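None of the values given here were measured: they were computed from a predicted structure.
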Amino acid sequence: QQQQQQQKPVVQNGDPYFDDLIKKVDQEISKNNLIEDWIMKHPTTNPSPAQLAELISKVFSLEQVQTATIFADGIKNITCAHVVAILGAVGFSGKVDSLKVLAPKIIDKENKKIIIDSASMLERSDYERVLS
């Protein structure tokens, strides 16, 4: 339990520099270009699940799968908790495609049940198929 308490602040707080990106993205038209450039310049960024969800929610729904791809390509240590947060912020039509690009990058695949449990009844079988 002490080990969980030590890890919890990292997950809650994430990367303080990532908060700057979240603020900047509101002012950008080319949101994914800004996000991709920023992540490439900060390869060690370690955002929290909440930070990723907040950022992807600021991107137009038709571009969210591309944003998920940028996360998958540029952010190391994507966990199932990150994926749940991202999928919770993505529009319905982009959830399965976002999961497809994120799934290969998940570092704690033993926890995939939390992703499946977050799915709606309509999404559940697709999530299971992608994660199998």
Check: Roughly how far, to the nearest 0.5 Å, is the NZ atom of K58 from the CD atom of E28?
Finding: 13.0 Å
Notebook entry, point to check: Would a hydrophobic clustering, with Ile, Leu, Val, Met, Phe, Trp and Tyr connected at side-chain separations under 4.5 Å, put I107 with V84?
Noted result: no
Margin query: Test your reading of the model: is there a side-chain donor-acceptor pair from K95 to the backbone of L87, 3.5 Å cut-off?
Written below: yes
Next item on the list: Identify whether the distance between the nearest side-chain nitrogen and carboxylate oxygen of D117 and R124 falls below 4.0 Å.
Entry: yes
Next item on the list: Look up atom NZ in K76 and atom CD1 in I78, then write down how far apart they are to the nearest 0.5 Å.
Entry: 10.0 Å
Note to self: Is the distance between the ring centroids of F18 and W38 under 6.0 Å?
What the structure shows: yes
Next item on the list: State, yes or no, whether a side-chain contact exists between N32 and T69 at a heavy-atom distance under 4.5 Å.
Entry: no
Next item on the list: Would you kindly say whether E123 and S120 are connected by a side-chain donor-acceptor distance under 3.5 Å?
Entry: yes
Checklist line | F60 versus I29, closest heavy-atom pair with distance | finding: CE1-O, 4.4 Å
Checklist line | Residue from L34, D15, D37 passing side chain to side chain contact (heavy atoms under 4.5 Å, CB included) with L21 | finding: L34
Margin query: When you group the ILVMFWY residues by side-chain heavy-atom contacts below 4.5 Å and let the links chain together, are V25 and M40 in the same group?
Written below: no
Check: Nearest 0.5 Å, what's the CG-OG distance between L55 and S57?
Finding: 7.5 Å
Notebook entry, point to check: Out of curiosity, K24 NZ to I22 CD1, how far, rounded to the nearest 0.5 Å?
Noted result: 12.0 Å
Check: Given L52, which of T67, L102, V83, I75 fulfils the side chain to side chain contact (heavy atoms under 4.5 Å, CB included) condition?
Finding: I75
Note to self: Could you walk me through whether L99 and L131 satisfy the side-chain contact (heavy atoms from CB on, under 4.5 Å) test, starting with their C-alpha distance in whole Å, then the side-chain angles of each, then the deciding distance to 0.1 Å, before giving a yes or no?
What the structure shows: CA-CA 8 Å; L99 179 58; L131 293 169; 4.1 Å; yes
Notebook entry, point to check: Quick check: does any side chain N or O of Q51 sit under 3.5 Å from a backbone N or O of S48, one acting as donor and the other as acceptor?
Noted result: yes
Item checked: Separation of Q64 CD from K31 NZ (nearest 0.5 Å) -> 11.5 Å
Next item on the list: Of all the heavy-atom pairs spanning C80 and D108, show the shortest one and how long it is.
Entry: N-OD1, 2.8 Å
Check: Closest heavy-atom contact between I106 and T79?
Finding: CG2-C, 4.3 Å
Item checked: Nearest heavy-atom neighbours spanning I70 and E36 -> CG2-CA, 3.8 Å
Next item on the list: For the pair T45 and Y17, evaluate side-chain contact (heavy atoms from CB on, under 4.5 Å) and give the outcome as yes or no after the intermediate values.
Entry: CA-CA 8 Å; T45 188; Y17 299 108; over 6 Å; no
Check: What's the shortest heavy-atom distance between A89 and A53, and which atoms?
Finding: CB-O, 3.4 Å
Check: What is the distance from atom CZ of F92 to atom OG of S61, rounded to the nearest 0.5 Å?
Finding: 13.0 Å
Next item on the list: Give the minimum heavy-atom separation between P104 and K109, together with the two atoms involved.
Entry: O-NZ, 3.4 Å
Checklist line | Full working for side-chain contact (heavy atoms from CB on, under 4.5 Å) between F71 and V101 | finding: CA-CA 9 Å; F71 291 163; V101 299; over 6 Å; no
